[in-house]
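Heavy-atom basis, side chains included; hydrogens, waters and symmetry copies ignored. Keep in mind that this is a model prediction, so the values were computed, not measured.
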Amino acid sequence: MVSEKVGGAEGTKLDDDFRDLERKVDVTSKAVVEVISKTSEYLQPNPASRAKLSMLNTMSKIRGQVKNPGYPQAEGLLGECMSKYGRELGEDTNFGAALVDAGETMKRLAEVKDSLDIDVKQNFIDPLQGLCDKDLREIQHHLKKLEGRRLDYDYKKKRQGKIPDEEVRQALEKFHESKEVAETSMYNLLETDIEQVSQLSSLVESQLQYHRQAVQVLEELSDKLRDRMSEAQSRPRREYIPKPKPIFDFGDNNHSNGGYSTSMAPPPSRNSESFFHMARLSFRKPGLSPEQPSCKALYDFEPENEGELGFREGDIITLTNQIDENWYEGMLNGQSGFFPLNYVEVLVPLPH
């Protein structure tokens, strides 16, 4: 190898047919690896969610849990949002009921998308991964072995006369043997590429099935919303009747500030020191003692595994322990549990 790289020595040439097979197998190998990566990104486009899913799967394995959390489909997150506010607004209102209908449809779309993920992984990604892990890896092993035997043969051929001819003949036989094995394995791979075409067909069938189901689900929602609009437009419009205004009596010394009342005490003077003192107390946000280890939630965190602590954006959580470089343990509203470090901002760190 040094003689060839440094000294410019010419090694034994492999025939053009072999080189062409080697080039095609190399392209096939690169294509399979890249297609697997891009297909995963197509199914799960959010890199942050992929990272979180990978982290949660790792934690599940550490804890010995069998069921792994699924990828949070965007349709499902939108559906949860619509359903939540639809219920809060009330299904007796047009907009509230429509939000609930749309939310349930988005959740169904998320389930359809989950089915697409599963089908594509089983029928497209996994077979390609198997091709990478078995056939292509085996070919690379044969090619590496061939290169080693070629170098051995060239070395002994150059030293012919100094070493027995039998050694040179054996080196040549081993070189031809490795070449035949490598050539056969590459040829078989390229001749059976109909399997890869079949896997591509499975990918397209899964996509078609997903889009058919998605169209059916959305058409049902469209019909519901159209009927709801027609019904709302056919109902007579109700006129707004304002309520009578309350009469306030500022002579009463009642200091209550809740609701409307027919008599109210005059507000305290804004120039008085006590007013500003009370105002500061009233608007002071309740929090934790500054000496107590704590953190602030940057995002909502929904617990998906036993022992995890759920919280909403803006919640202040008491820190009790750091599990590792990725997970904290803390308390919120009397509940204790684990949560990821990248979901919070530490306000007061834990003592070392």
E231 side-chain N/O to D227 backbone N/O, donor-acceptor pair under 3.5 Å: no
Tell me, yes or no, whether the heavy-atom count around D133 atom CG, taken from other residues, nucleotides or ligands under 6.0 Å, exceeds 12. yes
More than 12 heavy atoms of other residues, nucleotides or ligands under 6.0 Å from CD of E180: is that the case? no
In chain order, what residues pass the ring pair (Phe, Tyr, Trp, His ring centres under 6.0 Å) check against F339, with sequence neighbours excluded? F311
Exercise answer: donor-acceptor pairs, residues 76-102 side-chain atoms, under 3.5 Å, sequence neighbours excluded:
| unit_1 | atom_1 | unit_2 | atom_2 | d |
| --- | --- | --- | --- | --- |
| S83 | OG | G79 | O | 3.0 |
| T93 | OG1 | G90 | O | 2.7 |
| T93 | OG1 | G96 | N | 3.0 |
| N94 | OD1 | R235 | NH2 | 3.2 |
| D101 | OD2 | R228 | NH2 | 2.6 |

For E308 and N305, what are the C-alpha separation, side-chain angles and deciding distance, and is it a side chain to side chain donor-acceptor pair (under 3.5 Å)? CA-CA 6 Å; E308 292 180 350; N305 299 294; 3.1 Å; yes
Looking at K30, I'd like to know if its NZ atom is crowded, meaning that more than 12 non-hydrogen atoms belonging to other residues, nucleotides or ligands lie closer than 6.0 Å. no
Any chance CZ of F18 has more than 12 other-residue heavy atoms, nucleotides or ligands included, within less than 6.0 Å? yes
D324 (side chain) donor-acceptor with W327 (main chain) under 3.5 angstrom: yes
Is the side chain of S37 donor-acceptor paired with the backbone N or O of E34 at a distance under 3.5 Å, no angle test? no
Looking at K157, I'd like to know if its NZ atom is crowded, meaning that more than 12 non-hydrogen atoms belonging to other residues, nucleotides or ligands lie closer than 6.0 Å. yes
Would you find more than 12 non-hydrogen atoms of other residues, nucleotides or ligands less than 6.0 Å from Q207 atom CD? yes
Between R149 and K174 (side chain of the first, backbone of the second, donor and acceptor by atom type, cut-off under 3.5 Å), is there such a pair? yes
Please say yes or no: joined through hydrophobic side-chain contacts below 4.5 Å, possibly via intermediate residues, are V33 and L128 part of one cluster? no
Between D126 and K121, is any pair of side-chain heavy atoms under 4.5 Å apart? yes
Could you check whether atom OH of Y210 has more than 12 heavy atoms from other residues, nucleotides or ligands sitting under 6.0 Å from it? yes
Apply side chain to side chain donor-acceptor pair (under 3.5 Å) to residues E205 and N123 and explain how you reach the verdict. CA-CA 10 Å; E205 284 300 320; N123 301 320; over 6 Å; no
Consider side-chain hydrogen bond (donor to acceptor under 3.5 Å, both in side chains). Of E219, K224, E220, R226, which one does S222 pass it with? R226
